[in-house]
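Chain naming here is simple, since letters A, B, ... match the order of the sequence lines and numbering starts at 1 in each.
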Amino acid sequence: MKIYNSLNRQLEDFVPLNHEQVSIYSCGPTVYDYIHMGNARTALVTDIIRRYLVYRGYKVKLVQNLTDIDDKIINRAAELGVSAKQLAHQNGEAFFEDSQRLGIHPADVHPKATEHIPEMISLIQTLIDKGAAYVIDGSVYYRVNQFAEYGKLSNRKPEDLLAGARVEIDERKEDPRDFDMWKAAKPGEPSWDSPWGKGRPGWHIECSAMAMKHLGKTIDIHAGGEDLRFPHHENEIAQSELATGHTFARYWMHVAFLKIDGKRMGKSEQNFILLRDALDHYPTEVIRHFLISAHYRHPLDYNPESLAKSEGALRRLNNCLDALKKYDGQVDANETGVSPLQEAVETMKSRFTDAMDTDFNTAQALGAIFTLVSEVNRSFTTSNGADAPVFAQAYQALTETCEVLGIYNMDAQDGNDVEQRDQLIALLLDIRQEARSRKDWDTSDKIRDSLKELNIEIQDTRDGATWKIIS
RNA sequence: GGUGGCGUAGCCAAGUGGUAAGGCCAGAGUCUGCAAAACUCUUAUUCGUCGGUUCGAUUCCGACCGCCACCUCCA
């Protein structure tokens with residue numbers, strides 16, 4: 001299994017530090033607003049990495065933080081006339097809700113910055129004690145020149161960092177590259193007591209402290225959006241590695257941007273689509289399919305046309321799965337020979353694994369799945385019924401792989417009234433069939449049209465009528 | 001200015017030093033009382049342009065053109 005490690009800018013064999021459990025830290029959102037599709041892409045990639053590692057037999061501990069104290073939260077709260085705490089809480093809850101709607105499994109731990117202030121203070125104190133930080137007017141700054149490897153993640157030399165600096169330089173800092181780990185409180189802002197006076201933590205120290213608290217000094221995979229590579233992740237490394245003397249994260253993964261009209265989707269650009277709005281227009285599986293239709297390290301453009309394409313692809317997949325479903329469980333104990341379809345099932349499984357093993361290539365994995373869909377459909381046209389066990393295998397292989405990607409919802413049909421509904425529809429189809437045999441097209445069409453108005457669509461096939469729910 | 005990425009059929013998108021996965025759309029067909037749906041088949045001698053290396057390059061190297069991103073908060 002290989003992962004592209006953005007620290008070394010190359011594909012590397014993935015060997016977890018502890019074979020019992022893979023540790024993953026994923027940078028979560030700053031909860032001053034609802035999350036948008038770009039945030040969703042990163043969260044979804046993390047979700048699928050976790051699912052795939054589990055599929056491959058690993059145990060995984062995933063930590064995804066919430067930044068719940070920050071300038072943006074304070075400012076937005078002031079605009080809305082609510083407390084920062086309240087705003088962060090609301091948006092945190094909304095984040096969990098949206099994530100769940102996208103089918104993202106909750107992380108094992110969702111630490112919040114405001115609940116880890118002591119850990120942050122302790123980490124900052126350690127850095128001060130080591131001479132790697134200094135205090136000015138109640139704020140604490142990280143002394144970048146104390147960390148020789150600063151710039152290793154973003155591949156930047158010290159002079160490069162200074163040359164392009166567009167940020168206004170705080171003259172009090174010893175070095176323009178130094179960044180704050182603790183911000184002295186301004187009047188009216190939320191603050192916590194510290195050895196340096198009232199204040200609040202800087203963004204970078206939050207992740208260092210929370211990651212190490214829940215996953216230890218060294219974590220296997222640290223994931224986040226491309227934009228966090230510098231300065232956020234660079235600073236996390238500087239703080240953590242200087243404090244502990246250990247490698248902070250062994251594999252760094254950065255998810256490329258989601259774009260809209262060719263430009264990066266970003267909150268400051270005002271060109272974002274909220275995840276919850278997208279979920280109101282498209283099923284979960286369609287959005288997931290869209291987001292994984294390109295490799296995670298390549299930019300992806302959000303537009304209605306692309307979503308429509310995913311809708312079409314999902315329809316094809318679901319038709320096949322629905323048709324296969326009735327063979328579920330019909331495994332043949334005394335297997336004889338190897339049919340072409342059986343070979344296709346095995347090929348799909350190995351292609352899927354190869355694709356996912358190579359830096360989680362979901363686009364290629366989808367290719368493997370859809371190739372089998374075609375094979376299955378072709379087999380249907382020539383099947384004589386003896387293939388049931390093979391269809392069962394195909395069903396199992398497809399649902400397993402689709403479950404890893406989260407693009408097939410096996411429980412979608414569950415519900416108490418489903419059985420009765422199905423019986424009623426079966427009855428109507430029965431009546432319609434009788435009418436058709438009398439060539440009573442009026443009655444036949446009336447049933448068909450009326451059901452259609454209820455979003456139930458009849459399809460006449462060679463083997464009789466079937467139906468499905470349309471949206 | 002520094003750093004990194006991208007440019008593959010009408011659209012989206014994988015991929016490899018040996019001759020291009022998959023999806024959408026389109027065209028044809030099968031099924032059908034009609035329809036819808038579904039399914040099948042077909043669709044890139046070619047991978048931004050120009051050079052180079054090679055028996056052979058879309059894949060490696062160089063130049064150029066175009067696009068995007070990071071260097072400031074943003075996943």
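- Between G23(B) and U43(B), the two C1' atoms lie 14 Å apart (nearest whole Å).
- Atom name C1', nucleotides U45(B) and U19(B): the rounded distance is 9 Å, in whole Å.
- At distances below 3.5 Å, not a single donor-acceptor pair connects side-chain atoms of Thr114(A) with backbone N or O atoms of Asp68(A).
- Between Arg264(A) and C70(B), a side-chain N or O to OP1/OP2 separation shorter than 4.0 Å is present.
- OP1 or OP2 of G4(B) sits under 4.0 Å from a side-chain N or O of Asn155(A).
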Set out, line by line, the N/O atom pairs under 3.5 Å between protein and nucleotides 20-24 of chain B.
unit_1, atom_1, unit_2, atom_2, d
A21(B), O2', Arg351(A), NH2, 2.9
G23(B), OP1, Arg316(A), NE, 3.3
G23(B), OP1, Arg316(A), NH2, 3.3

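- If you check the side chains of Arg288(A) and Thr362(A), you find no donor sitting under 3.5 Å from an acceptor.
- Remark: side-chain polar atoms of Arg432(A) are paired, donor with acceptor, to backbone N or O of Ser444(A) under 3.5 angstrom.
- Looking at Arg156(A), its side chain comes within 3.5 Å of the base of C70(B) through a donor and an acceptor atom.
- Counting any heavy atom pair closer than 4.0 Å across all strands shown, His36(A) reaches a base atom.
- Across G15(B), A75(B), C12(B), the shortest atom-to-atom separation from the side chain of Ser306(A) is found for C12(B).
- The same atom, P, is picked in U54(B) and in U49(B); the two are 23 Å apart, to the nearest Å.
- With hydrogens and angles left out, the side chain of Arg448(A) and the base of C34(B) share a donor-acceptor pair within 3.5 Å.
- Rounded to an integer number of Å, the gap from Phe290(A) CZ to C11(B) C1' is 13 Å.
- As rounded to whole Å, 8 Å separates atom C1' of C73(B) from atom CG of Asp71(A).
- Between Leu258(A) and Cys320(A), the one whose closest nucleotide on RNA chain B sits nearer the 5' end is Cys320(A).
- At U40(B), one or more side-chain N or O atoms of Asn377(A) fall inside 4.0 Å of OP1 or OP2 (strictly under the cut-off).
- By the 4.5 Å heavy-atom criterion applied to side chains, Phe179(A) and Lys173(A) are not counted as neighbours.
- Checking Arg51(A) against Tyr55(A) by side-chain atom types alone, no donor-acceptor pair falls below 3.5 Å.
- Atom name P, nucleotides G48(B) and C11(B): the rounded distance is 14 Å, in whole Å.
- Proximity of the aromatic rings of Tyr34(A) and Phe95(A) is defined here by a centroid distance below 6.0 angstrom, and this criterion is not met.
- Taking atom C1' in both A14(B) and C6(B), one finds a spacing of 15 Å when rounded to whole Å.
- When heavy atoms are screened at a 4.0 angstrom cut-off, Gly224(A) is found touching the sugar-phosphate backbone but no base atom.
- Scanning atom types as modelled, one donor and one acceptor separated by under 3.5 angstrom connect the side chain of Asp460(A) and the base of A35(B).
- Rounded to whole Å, the distance from NE2 on His295(A) to C1' on C6(B) is 14 Å.
- We find that NZ of Lys259(A) is positioned 7 Å from C1' of C67(B), with the value rounded to whole Å.
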With a cut-off of 3.5 Å and sequence neighbours excluded, list every side-chain donor-acceptor pair involving residues 279-286 of chain A.
unit_1, atom_1, unit_2, atom_2, d
Asp280(A), OD1, Arg101(A), NH2, 2.9
His281(A), ND1, Asp277(A), O, 2.9
Thr284(A), OG1, Arg101(A), O, 2.5

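- C70(B) atom P lies 24 Å from atom NZ of Lys152(A), rounded to whole Å.
- Nucleotides G15(B) and U3(B) place their P atoms 26 Å apart, quoted to the nearest Å.
- Contact annotation: Lys452(A) side-chain N/O to A35(B) OP1/OP2 distance is not under 4.0 Å.
- The P atoms of G10(B) and G52(B) are separated by 29 Å, rounded to the nearest whole Å.
- Within the 4.0 angstrom heavy-atom criterion, base atoms lie near Asp445(A).
- When distances run from any side-chain atom of Arg378(A) to the nucleotides U40(B), C12(B), C68(B), the shortest one goes to U40(B).
- Using atom C1' as the reference point in both U32(B) and C24(B), the two lie 26 Å apart (nearest Å).
- Remark: RNA chain B takes part in the stems B:1-7 with B:65-71, B:10-12 with B:22-24, B:26-30 with B:38-42, B:48-52 with B:60-64, each of 3 or more antiparallel Watson-Crick or G-U pairs, criterion distances under 3.5 Å.
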